[in-house]
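Taking it in order: structure first as structure tokens, then the write-up.
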Amino acid sequence: MALRAPVESQSTAMVRFDPERPKGLLGRLRGAMEKWTLQQGGKDLEARLARLVAPQNEYGVDPFGLDLEFTKAAVAPALWLYKNWFRVETRGIEHVPAGRALLIANHSGQLPFDALMIGISMLVEAEPPRICRAMVERWAPTLPFVAPFFARIGQVVGTPENARRLLAAGETLMVFPEGTRGLNKTFEKKYQLQDFGLGFMRLALEMQAPIVPVAVVGAEEQAPALWDFKAAAKILGFPSLPVTPTVFPLPLPVKYRLHFGAPMKFTGSADDEEAELERKVKEVKARVQGMLNRGVEERKAIFF
Amino acid sequence: MRDTVLITGISGNLGRTLARSLHRTEKVAGLDRRPFAGKPKDLELHQLDIRKKKVEDVFRRGEIRALLHMAIMHDPRLSQSEHHSFNVLGTKAVLEYAAKYGVEKVVVLSSTNVYGPRPDNDNFLTEDAPLLGSQNFPDIRDLIEVDMYAQQYIWKHPEVETVILRPVHIVGPHVRNAPSNYLRLKRPWVLAGFDPMVQLIHEEDVARAMQLSLRPGARGVYNVVGPGEVPLSTILRELGRQPIPVPHLLARPLLDRLWTYRITGFPPPELDHLQFLCTVDGSKAEKDLGYRPSSTLRETIRSVLGETPAGANLSVVT
């Protein structure tokens, strides 16, 4: 069944059956994780989580497979990273409008902790609280355990059709137009935006969705890649194989600063020539780059 | 008088369900090479192979108003050539007769298997999605060919109102297809670390969608869905199954062996359904045909146990 319009989905909120938590060890783990989430967030977070709406069926999942109960448990470690490891600071989060929006951010840090942190910020700081949907790589559904995990926490394969559907339902999407080009770049290119894809602009024009530029400052230093071992990556089928001082690209405890800019609205046709779309994309890219430059300049230290 | 609805493949489990609910309001005739167990008395059965020339006589009498074509078999143990001959040539023959003898309405029962379960599928495939189902499962080429042929037929014969229905996995107390047989296993295999969203539809709801397609004016290709989508694990939990997780890299070669030695009835490519999405958007059928499923999600899932939905308008009384 297709997603219904968001307003309707709230009014027809179906009766919630007692969520059948998996029994045994897994169920206990999930219970403990849920408790951990609430411990970290306190009363405030509990109230926020209660405000989340997803058009659930009688088994507690939305049409895309998002399971709110599961998500509440699964965010616990991310929440811990948010508060204690990266000590995320947000600025301008009030710019994120309620309803459909595209968050366009720079991508860096070898492993996508930046996506995770933006997602958590949407949950614990944005108004209204929401589950932000990242458009995941097309090979994610082929990875065991990763595939269902992403689906249950609301992350969807980034096909244009999926994105259109989610925007039409009033959801917030997170897009990294640089893709792995940005994520896996080496350290000497830090805070220099790589090529932007055009897909997000087509989407924004077609769905008339506002674009919120986001600059993530800090993630570049979490796992500086000195060298990209391209030959080995090719053999292993990875997009790249960065070599970091920590060998495995685990993140250093850098301080994250998320800067949200004022929403940008574009008019025009999604079927315009590439050159026209490129002009608009450049505008967004320039805005993100400007926010990045300012953010890097303003900070006094990388780790604090 | 042109008043008969001809159902091909009527003696199958789904065909009988449809025939019993339809024959209360319509004059129904059937075409099948198998006998129809428990056939209503006023239902005329032409016990013929669909490929026989004699089938033309059934049309020649000029009584047929609508053709419901569901004589499309999928027996994984039968040869490709037999499948091709029965499904593709059979479909071509009856559809040609329909056009030749002025049948007003043709409804072809295809399925969402024509899209195929794939990792890069949209979560909700629409009717214009490419039919890639045979890419990893070459044995179902003929099912795609039937669907494609019916699509061509829409353009070739605008005078015939043609509807192609692509229902999701059909389940129910009577149906014995691969998905419902799988869900009847006490200890079904699942692929470790995979839990795709799955759509099921109750056999009664399919019958209703076919009935709605008979209405004048309805034409085109339609996905037909049940009351929503749930993770495979949820379905198995609802049914009280104890799934056996098998690593996907191991499952394929293992099932290949079991299949070769005829220990299992599940063709190895069906494993893709346990791994990837093949879910569709059914809103077009809702809008154009006025179709909405009448069984709830729970009733649909539990229907494989032989339970009939409580309160649903059931015409299957034997």
Side-chain angles (χ1 to χ4, degrees), chain A residues 1-5 8-9 12 14-15 17-24 26-27 55-67 69-70 133 135-152 154-166 168-169 171, chain B residues 117-126 128-129 168 190-199 201 223-238 240 245-251 272 274-277 279-287 292-293 296-301:
Chain A
M1 203 189 334
L3 266 187
R4 292 182 198 95
E8 201 184 320
S9 71
T12 59
M14 278 173 261
V15 189
F17 280 69
D18 183 27
E20 281 173 61
R21 210 179 264 160
K23 290 174 188 79
L26 276 176
Q56 293 166 333
N57 59 30
E58 62 231 67
Y59 295 98
V61 288
D62 89 336
F64 282 87
L66 163 64
D67 182 337
E69 296 302 314
F70 180 88
R133 312 269 197 171
M135 303 275 93
V136 305
E137 290 280 345
R138 281 168 196 240
W139 52 268
T142 63
L143 304 173
F145 301 101
V146 174
F149 180 77
F150 274 0
R152 287 317 150 260
Q155 309 307 300
V156 172
V157 178
T159 70
E161 175 66 22
N162 281 345
R164 274 195 290 271
R165 231 170 248 281
L166 287 165
E171 305 236 12
Chain B
R118 303 167 58 80
D120 53 352
N121 268 350
D122 292 328
N123 281 53
F124 297 96
L125 295 163
T126 51
D128 49 10
V168 296
V190 292
L191 297 179
F194 289 97
D195 192 11
M197 297 294 277
V198 175
Q199 291 170 321
I201 185 170
N223 292 332
V224 187
V225 297
E229 39 283 314
V230 276
L232 177 64
S233 61
T234 303
I235 298 176
L236 297 176
R237 195 154 62 233
E238 175 68 55
V246 185
H248 67 291
L249 295 173
L250 212 71
D272 284 351
L274 308 182
Q275 193 172 10
F276 304 127
L277 286 179
T279 42
V280 300
D281 176 354
S283 59
K284 192 178 161 211
E286 184 175 334
K287 203 169 112 244
R292 266 169 186 270
T296 67
L297 202 45
R298 199 165 293 242
E299 286 164 352
T300 305
I301 294 170

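Residue numbers begin at 1 in each chain, while the letters A, B, ... track the order of the sequences.
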Check your understanding: Given side chains that start at C-beta, do those of A:Val61 and B:Pro231 come closer than 4.5 Å, heavy atoms only?
Key ->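 Touching, per the 4.5 Å side-chain cut-off.
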
Check your understanding: Is there a side-chain contact between B:Asp122 and A:Arg165 (heavy atoms, below 4.5 Å)?
Key ->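 A side-chain contact under 4.5 Å is absent here.
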
Review point. Where do B:Pro119 and A:Pro141 come nearest, in terms of heavy atoms and distance?
Key: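 The answer is O-CG, 3.2 Å.
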
Check your understanding: When you look at B:Val230 and A:Asn57, which way does the side chain to side chain contact (heavy atoms under 4.5 Å, CB included) test go after all the steps?
Key -> CA-CA 8 Å; B:Val230 276; A:Asn57 59 30; 3.6 Å; yes

Check your understanding: Relative to chain B, which of A:Gly65, A:Pro144, A:Ala140 shows the most heavy atom pairs under 4.5 Å?
Key ->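 Top count of heavy-atom pairs under 4.5 Å with chain B: A:Pro144.
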
Check your understanding: What residue, out of A:Val156, A:Val157, A:Thr159, has the most heavy-atom pairs lying under 4.5 Å from chain B?
Key ->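 With the most close heavy-atom pairs to chain B, the winner is A:Thr159.
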
Does any backbone or side-chain atom of [X] lie under 4.5 Å from a heavy atom of chain A? Answer side chain, backbone, both or neither.
| X | result |
| --- | --- |
| B:Ile235 | neither |
| B:Phe276 | side chain |
| B:Ser233 | neither |

**Study point:** side chain to side chain donor-acceptor pair (under 3.5 Å) partner of A:Tyr59, chosen from B:Arg237, B:Glu229, B:Glu238
**Key:**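 In the set B:Arg237, B:Glu229, B:Glu238, the residue that makes a side chain to side chain donor-acceptor pair (under 3.5 Å) with A:Tyr59 is B:Glu238.
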
Check your understanding: Any donor and acceptor pair, going by atom type alone, linking the side chain of B:Asn123 with main-chain N or O of A:Asn162 inside 3.5 Å?
Key ->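 The answer is no, because no donor-acceptor pair under 3.5 Å joins these two groups.
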
[atom1]-[atom2] distance between [X] and [Y], expressed to the nearest 0.5 angstrom:
| X | Y | atom1 | atom2 | answer |
| --- | --- | --- | --- | --- |
| A:Phe145 | B:Phe194 | CZ | CZ | 8.5 Å |
| B:Met197 | A:Asp62 | CE | CG | 7.0 Å |
| B:Leu297 | A:Glu58 | CG | CD | 4.5 Å |

Point to revise | Ionic contact status for B:Asp195 with A:Arg152, cut-off 4.0 Å | key: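 Answer for the salt bridge query: yes.
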
Review point. Among all residues two or more places apart in sequence or in another chain, which pass the side-chain contact (heavy atoms from CB on, under 4.5 Å) test with B:Leu249?
Key: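 B:Leu249: no side-chain contact (heavy atoms from CB on, under 4.5 Å) contacts found.
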
